[in-house]
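What follows is a single structure, written as structure tokens, with notes after it.
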Amino acid sequence: MKKLIALQALVALAIMSFHAVAQQKTGFHVLRDIAIPSTGGWDYITVDGANKRIYTSHGNQVNVVSTTTGDSIGYIPQTLGVHGIALVKSLGKGYVSCGRANSVTVFDIKTLKVLAQIPVGTNPDAIFYDDFSKKIITCNGRSKDATIVDPATDKVVTTVPLGDKPETAVSDGKGKIFVNGEGTSTVIVFDALTYKEITRYKIDGGESPSGLDIDRKTNRLFIGCGDTKTMVVMDAATGKTVGTYPIGGTDGVVFDPELKIAYASNGEGTISAVREISADKFEFIENITTEPSARTIGIDLTTHKLYLPAAKTEPNPAGGRPKQLPGTFHIIEVGK
């Protein structure tokens, strides 16, 4: 009898310990602001943790700063209507999507010197490097397609018609590309080598998807849906919704594969954190306070810190997006 009671106590303790870990907060908070002079809008931010660099879109250029000191390393010009930045470190080159120029600017990672301009689709927005196909992929908003660029030659390989406005795309690292279709709230899947469409998943539980990331081990997509203010976790193999979680008006999602946490950056001034307990079990952890306007996000996978561009704003008398106060643009660093 005593052994049974002792065993029951151990089981109860194990259950309590599991719940304590499952409910644990991130411990994340704002660590500092990295000021960047001059005025201009912004969109995506890319963090190269290994080389301790942050690349942030700002106005019509990309500002590059140090993750350690916050000091300016330099900037990349000739990026009219800049949106996103992708790095191909094996080739020592970076790629910037230029929405107003309908092109991609190629730059040298070491010197930040512009190497080439590549015409792509209309209004290229998100951009990323697929390590499986070894190609650069741009999401072109107005032409509703994706441009495939070979970074070995800096030539366009092909254009993939999507039939919807693509917001963000990710790769599963095994030959599939997943694209958020904003207009129809659909995830479009195409083959990374043949560029042929494989399938489409209607998003169940969210509308107007923007931010997107993936856990390659569990094959789960994390979809930030701004209109419904939800994060949808989707099975990338079936399109089935595994769970939905409340967030804010997001424009960016990142996933930390080591901490098993997905983060959605919200324009209201928070980061919503969702933890992956298993492939089919997730939990909302908390909203981490940042500041209003911090709607996009980058992650340093070496330090697990998060970086968000932001600026002080005031209401626009003409309506629409708030006006940026001159001289207030900065990057927020969030971590423990």
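- When atom types are taken as modelled, the side chain of Asp251 and the backbone of Thr296 share no donor-acceptor pair closer than 3.5 angstrom.
- Side-chain contact between Lys174 and Asn219: absent, with no pair of heavy atoms (C-beta onward) separated by less than 4.5 Å.
- Rounded to the nearest 0.5 angstrom, Lys323 NZ and Asn316 CG are separated by 6.5 Å.
- Using cut-offs of 30° and 60° for the angle between ring planes, the Phe28 and Tyr263 rings count as parallel.
- Residues Ser265 and Thr290 are not in side-chain contact: their nearest non-hydrogen atoms beyond the backbone lie 4.5 Å or more apart.
- Using a 4.5 Å heavy-atom cutoff, the side chains of Met234 and Phe222 are not in contact.
- The shortest side-chain heavy-atom distance between Pro209 and Cys225 falls under the 4.5 Å cut-off.
- The backbone N or O of Asp125 sits less than 3.5 Å from a side-chain atom of Ser97, completing a donor-acceptor pair.
- Salt-bridge formation is detected for the pair Lys229/Glu268: a Lys NZ or Arg NE/NH1/NH2 atom is positioned less than 4.0 Å from an Asp or Glu carboxylate oxygen.
- Not a single donor-acceptor pair under 3.5 Å links the side chain of Lys305 to the backbone N or O of Thr303.
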Original post:
Can you list the steps and then say if Phe255 with Arg216 is a side chain to side chain contact (heavy atoms under 4.5 Å, CB included)?
Top reply: CA-CA 10 Å; Phe255 176 71; Arg216 290 182 171 183; over 6 Å; no
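- In this structure, NZ in Lys196 is found 8.0 Å from OG1 in Thr158, a value given to the nearest 0.5 Å.
- At a threshold of 4.5 Å between side-chain heavy atoms, the hydrophobic network of Ile, Leu, Val, Met, Phe, Trp and Tyr places Leu212 and Ile198 in one connected group.
- Under the 3.5 Å distance criterion, the side-chain polar atoms of Arg275 are matched with a main-chain donor or acceptor of Gln24.
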Original post:
Stepwise, does the side chain to side chain contact (heavy atoms under 4.5 Å, CB included) test hold for Ile118 with Ser103?
Top reply: CA-CA 5 Å; Ile118 306 170; Ser103 66; 5.9 Å; no
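- Nearest heavy-atom pair, Ala169 versus Ile177, reported as atom, atom and distance to 0.1 Å: CB-CG2, 4.3 Å.
- The neighbour count for Arg142 CZ, taken as heavy atoms of other residues, nucleotides or ligands under 6.0 Å away, does not exceed 12.
- Note that CG of Leu325 is 5.0 Å distant from CD of Glu314, once rounded to the nearest 0.5 Å.
- Of all the heavy atoms in Ile332 and Ala310, the pair that sits closest is CD1-CB, 3.8 Å.
- Side-chain atoms of Ser66 come within 3.5 Å of backbone atoms of Thr69 as a donor-acceptor pair (strictly under, hydrogens ignored).
- Contact annotation: the side chain of Leu193 approaches that of Phe132 to within less than 4.5 Å [non-hydrogen atoms, C-beta and beyond].
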Got a list of side-chain donor-acceptor pairs under 3.5 Å for residues 84-93, not counting sequence neighbours?
{"residue": "Lys89", "atom": "NZ", "partner": "Asp48", "partner atom": "OD1", "Å": "2.9"}
{"residue": "Lys93", "atom": "NZ", "partner": "Tyr95", "partner atom": "OH", "Å": "3.3"}
{"residue": "Lys93", "atom": "NZ", "partner": "Pro151", "partner atom": "O", "Å": "2.6"}
{"residue": "Lys93", "atom": "NZ", "partner": "Asp154", "partner atom": "OD1", "Å": "3.3"}
{"residue": "Lys93", "atom": "NZ", "partner": "Asp154", "partner atom": "OD2", "Å": "3.1"}

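- With contacts defined as side-chain heavy-atom distances shorter than 4.5 Å, the pair Leu308/Ile271 qualifies.
- Cluster annotation: Tyr245 and Ile203 are assigned to distinct hydrophobic clusters (Ile/Leu/Val/Met/Phe/Trp/Tyr, side-chain heavy-atom contacts under 4.5 Å, transitive).
- Summarising the geometry of Leu221 relative to Ala236, their closest heavy-atom pair is CG-CB, 3.9 Å, with the distance given to 0.1 Å.
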**OP:** Could you check Ile34 against His330 for side chain to side chain contact (heavy atoms under 4.5 Å, CB included), going step by step and ending with a plain yes or no?
**Re:** CA-CA 5 Å; Ile34 301 172; His330 59 285; 5.8 Å; no
**OP:** Using the side chain to side chain donor-acceptor pair (under 3.5 Å) rule, take Asn287 and Ser272 through it: C-alpha gap first, then chi angles, then the decisive distance, then the call.
**Re:** CA-CA 5 Å; Asn287 281 321; Ser272 299; 2.6 Å; yes
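- By the rule that hydrophobic residues join a cluster once side-chain heavy atoms approach within less than 4.5 Å of another member, Val253 and Phe282 end up as members of one cluster.
- The number of heavy atoms from other shown groups lying within 6.0 Å of OH (Tyr75) does not exceed 12.
- Classification of Lys260 and Asp215 as a salt-bridged pair holds, one side-chain N sitting under 4.0 Å from a carboxylate O.
- For the residue pair Thr194 and Asp191, the shortest heavy atom distance occurs at N-OD1, 2.9 Å.
- At distances below 3.5 Å, at least one donor-acceptor pair connects side-chain atoms of Ser210 with backbone N or O atoms of Thr250.
- Follow the hydrophobic side-chain contacts under 4.5 Å out from Phe329 and you reach Ile45 in the same cluster.
- The minimum heavy-atom distance between Thr302 and Ala50, with the atom names listed, is CG2-N, 4.0 Å.
- Taking the six-membered ring for Trp and thresholds of 30 and 60 degrees, Phe107 and Tyr55 have ring planes inclined between 30 and 60 degrees apart.
- The structure places CD1 of Ile285 at 8.0 Å from NZ of Lys25, a figure rounded to the nearest 0.5 Å.
- Lys202 NZ: more than 12 foreign heavy atoms inside a 6.0 Å radius.
- One N or O on the side chain of Asn102 and one on the backbone of Asn123 form a donor-acceptor pair closer than 3.5 Å.
- Within the model, atoms OG of Ser171 and OH of Tyr129 stand 10.5 Å from one another, a figure rounded to the nearest 0.5 Å.
- Within the 4.5 Å cutoff, no side-chain heavy atoms of Asp43 are placed close to those of Val82.
- You'll find the side chain of Ser208 stays beyond 4.5 Å of the side chain of Glu167, heavy atoms only.
- Under the 4.5 Å side-chain heavy-atom criterion for Ile, Leu, Val, Met, Phe, Trp and Tyr, Tyr201 and Met231 are members of distinct hydrophobic clusters.
- The closest side-chain donor-acceptor pair between Asp145 and Thr159, if any, does not fall under 3.5 angstrom.
- Considering OG1 of Thr79 and CD of Gln61, their distance stands at 7.0 Å, rounded to 0.5 Å.
- Applying the side chain to side chain contact (heavy atoms under 4.5 Å, CB included) test between Thr244 and each of Val242, Thr241, Ile247 identifies Thr241 as the sole match.
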**OP:** Kindly indicate, with the supporting measurements, whether the criterion side chain to side chain contact (heavy atoms under 4.5 Å, CB included) is fulfilled by Lys135 and Tyr195.
**Re:** CA-CA 11 Å; Lys135 299 293 188 293; Tyr195 314 117; 3.9 Å; yes
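- Under a 4.0 Å N-O distance rule, the pair Arg220/Asp280 qualifies as a salt bridge.
- Checking side-chain atoms of Glu286 against main-chain N and O of Thr26 turns up a donor-acceptor pair under 3.5 Å.
- Of the possible polar contacts, one joining the Thr105 side chain to the Gln78 backbone as a donor-acceptor pair under 3.5 Å is found.
- A donor and an acceptor atom, one from each side chain of Thr147 and Asn140, are located under 3.5 Å apart.
- Between the side chain of Asp235 and the backbone N or O of Ala237, at least one donor-acceptor pair lies under 3.5 Å.
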